[in-house]
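Structure, as structure tokens:
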Amino acid sequence: MESRTTSRRNFLSLVSMGVPLGAALAACGGTGPTQTGAGGGTGNATASGGGGGSSATYWYLSTQPQEGVRTRTMERHNQANPNGKIEGTTFQNDAFKTKIKTAIGAGQAPTLIWGWGGGTLRSYVQAGQVEDLTSWFDQNAAVKDKLFPSAFGAATIDGKIYAMPCETLQPIVLYYDKRSFEKIGAQPPQTWGDIMDLVPKFNAKGIAPFSLGGQSRWTNMMWLEFLFDRLGGPEVFQAVFDGEKDAWNNPLAIQALGEVQKLVKADGFVKGFSSITADSNADQALLYTGKAAMMLHGGWTYGSMSTDGGDFVSGGNLGYMNFPPIDGGKGDPGNTVGNPGQYLSISSKATPEQKEIAKKFFSGALIDDTAVKEWVETGAVPIIKGADAQFAASKDKDFLTFVYNIAVNAKTFAQSWDQALSPTAAEVLLDNISKLFQLSISPQQFATNMNAVIGK
């Protein structure tokens, strides 16, 4: 599975649609483009979306096994459409983010623009660089109906759809080590109060209550995303996303910020968490080696813990659950946060022929039964409704079913805050989250600092 450590810029906007929701898998890391050779194309990383109307261009991420699924999906399209092929070029994560923004800014984007939606997509829309797909989805209702409705939140800007939701979904999960709970004779937490009660019990046994790769900053952010939602519901962050003046001063936001500092002060996190990186998976290792009892992290970490953790997963020692409610909180405990999908937009600079190729891809190979089967084989949950029919043959069927049920039952799915906001506001957010967890600023100071960059 592609790790959030390698996709740490996962987008976010708060999606509150009152309908079943999905979550999505994030991306990979590294540098440099690679030719795929698919479709008989050149794999030219500088190919314009506007050049050569007989074929479309497509840039996407390269980490396996996800790259393999993407490439084979494109190849199936090309086999079925010999007169309207797609030429692919792969990039590792950091190189892709730099290259795609540069290309779009220069009017040289590929036909198909892969991304995470949310704030980045908004910037493309404001610059007039991507097609409005609203009418196409109206005319292709069967395509739209195959996808989790919630996935469209990050694809929608000002009421119009500018991207095709695709690939997989991944919520943030509260993982726990069953062995650690047996050592203290306790059950997994059912409320926030339970979490606070468990902290001294684990510390007394020399077990860190929670693992946390705090140096990476976005890992800390997951805690606030859930606390905001459980205390106040999706409206609290929605006001920030909508640019409402002083939105961070909401009393429930201040309370959530205070709650996480209470957890820090109670030694709820492993000692030295601010120097632990998620990129190295050191936070996961603390959980599967029994040094920490719990960890709040992305669904993508299940795969790496299964691979790297010995018999931790295969031996039935890993437990998982959605984040518990807070007594008196307004948020629906079925809500989740994470990644509701990956997204493909069509360059507004592409030729009419290229745009048609892209749309045929959207309605065909991208969401066909083979794509669903291959995504499940990577240990991920596809964004397609009914994908759970494929889980029975998977060794990970219990976890996949858990993720799928969260997606089906959640009424609100919050994407990662650092991608909902502008790059400027996101960096200020991550910096202040780090300071909040280090207890160097108060909740009110955090709110004041963040209010200063609302809308920037």
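Both backbone and side-chain heavy atoms feed into the values below; hydrogens, waters and symmetry mates do not.
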Exercise for the section: Under the side chain to side chain contact (heavy atoms under 4.5 Å, CB included) rule, what do Asn405 and Asp388 come out as? Steps first, then yes or no, please. Expected result: CA-CA 9 Å; Asn405 287 338; Asp388 55 330; 5.9 Å; no
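- The closest donor-acceptor contact from the side chain of Gln170 to the backbone of Trp300 lies under 3.5 Å.
- Summarising the local packing, NZ of Lys146 is surrounded by more than 12 heavy atoms from other residues, nucleotides or ligands at distances under 6.0 Å.
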Exercise for the section: Starting from the C-alpha separation in whole Å, work towards a yes-or-no answer on side chain to side chain contact (heavy atoms under 4.5 Å, CB included) for Phe137 and Lys160. Expected result: CA-CA 10 Å; Phe137 277 108; Lys160 296 182 178 180; over 6 Å; no
Practice task
Take Trp192 and Leu263, measure what side chain to side chain contact (heavy atoms under 4.5 Å, CB included) needs, and give me the verdict at the end.
Solution key: CA-CA 10 Å; Trp192 177 252; Leu263 185 58; 3.9 Å; yes
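- Taking both residues in full, the closest heavy atoms of Trp375 and Pro382 are given as CB-CG, 3.9 Å, listed atom of the first, atom of the second, then distance.
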Problem - Gln284 vs Asp308, side chain to side chain contact (heavy atoms under 4.5 Å, CB included): CA-CA, chis, key distance, verdict - result: CA-CA 9 Å; Gln284 299 175 39; Asp308 302 334; 5.6 Å; no
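- The residues Asp369 and Lys373 are annotated as not salt-bridged, no charged nitrogen and carboxylate oxygen being separated by less than 4.0 angstrom.
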Residues 196-214 side chain polar contacts: donor-acceptor under 3.5 Å, at least two apart:
residue	atom	partner	partner atom	Å
Asn203	ND2	Val199	O	3.3
Asn203	ND2	Asp267	O	3.1
Ser211	OG	Asp283	O	2.6

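- Within the 3.5 Å criterion, the main-chain N or O of Ser306 finds no donor-acceptor partner in the side chain of Tyr288.
- The aromatic rings of Phe237 and Trp417 sit parallel, their planes meeting at an angle under 30°, below the 60° perpendicular limit.
- Between Glu182 and Lys178 there is no salt bridge, since none of the side-chain N atoms of the basic residue sits less than 4.0 Å from a carboxylate O of the acidic one.
- The closest side-chain heavy-atom distance from Gln66 to Leu61 is not below 4.5 Å.
- Judged by distance alone, with hydrogens and angles left aside, the side-chain atoms of Glu427 form no donor-acceptor pair with the main-chain N or O of Ala425 at under 3.5 Å.
- Here the closest non-hydrogen pair linking Phe226 and Asn335 is CE2-O, 4.1 Å.
- For the atom pair Ile454 CD1 and Glu244 CD, the distance stands at 8.5 Å (nearest 0.5 Å).
- Ring-centre distance between Phe96 and Trp59: not below the 6.0 Å cut-off.
- Panel note: side chain Thr71, backbone Gly68; no donor-acceptor pair is recorded below 3.5 Å.
- To the nearest 0.5 Å, atoms OH (Tyr176) and CG (Leu287) are separated by 11.5 Å.
- Ring pair Phe402/Tyr320 is tilted by interplanar angle, where 30° to 60° counts as tilted.
- With hydrogens and angles ignored, the 3.5 Å screen pairs a side-chain donor or acceptor of Asn432 with a backbone N or O of Val428.
- Ring centroid separation for the pair Tyr404 and Phe148 comes in under the 6.0 Å cut-off.
- Using modelled atom types, no side-chain atom of Thr98 and backbone atom of Ala95 make a donor-acceptor pair closer than 3.5 Å.
- The shortest non-hydrogen separation linking Leu400 to Phe391 is O-CE1, 3.5 Å.
- Trp136 is not listed as a side-chain neighbour of Ile161, based on a closest heavy-atom distance of 4.5 Å or more.
- The nearest pair of heavy atoms linking Tyr343 to Gly117 is CD1-N, 3.7 Å.
- For Asp332, the salt bridge (charged side-chain N to carboxylate O under 4.0 Å, His left out) partners are Lys411, not counting sequence neighbours.
- At a cut-off of 3.5 Å, with distance as the only test, a side-chain donor of Asn249 or Gln444 sits close to an acceptor on the other residue.
- Counting only distance, with no hydrogens or angles, the side chain of Arg230 and the backbone of Phe323 share a donor-acceptor pair below 3.5 Å.
- From Asn281, atom CG reaches atom NE2 of His297 across 7.0 Å, with rounding to the nearest 0.5 Å.
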Exercise for the section: Any chance you could lay out the salt bridge (Lys or Arg N to Asp or Glu O under 4.0 Å) test for Arg70 and Glu67, step after step, and finish with the verdict? Expected result: CA-CA 5 Å; Arg70 292 170 184 139; Glu67 177 190 346; over 6 Å; no
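- In this structure, the side chain of Tyr175 engages the main chain of Gly298 through a donor-acceptor pair within 3.5 Å.
- Atom-to-atom distance recorded for Leu366:CG and Met164:CE is 5.0 Å, nearest 0.5 angstrom.
- Partners of Phe312 according to the ring-ring contact (aromatic ring centres under 6.0 Å, His included) rule, which considers only residues two or more places apart in sequence or in another chain, do not exist here.
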Practice task
Assess whether salt bridge (Lys or Arg N to Asp or Glu O under 4.0 Å) is satisfied between Asp138 and Lys144, documenting all intermediate values.
Solution key: CA-CA 8 Å; Asp138 288 342; Lys144 190 174 184 180; 5.2 Å; no
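- Residue Leu121 comes nearest to Ala154 through the heavy atom pair CD2-O, 3.5 Å, listed as atom of the first residue, atom of the second, then distance.
- Of the possible polar contacts, none joining the Asn220 side chain to the Ser434 backbone as a donor-acceptor pair under 3.5 Å is found.
- With a 6.0 Å radius and a threshold of 12 heavy atoms from other residues, nucleotides or ligands, Asp132 has its CG atom above the threshold.
- One distance of note links CD of Gln129 with OG of Ser348; it measures 5.0 Å at 0.5 Å rounding.
- Side-chain N or O atoms of Ser345 include none that pairs as donor or acceptor with a backbone N or O of Val130 at under 3.5 Å.
- When only modelled atom types and interatomic distance are considered, Thr277 and Ser280 share a side-chain donor-acceptor pair under 3.5 Å.
- Ala380 and Thr168 get closest at one heavy-atom pair: CB-CG2, 3.7 Å.
- Note: Phe362 CZ to Ile367 CD1 = 10.5 Å, rounded to the nearest 0.5 Å.
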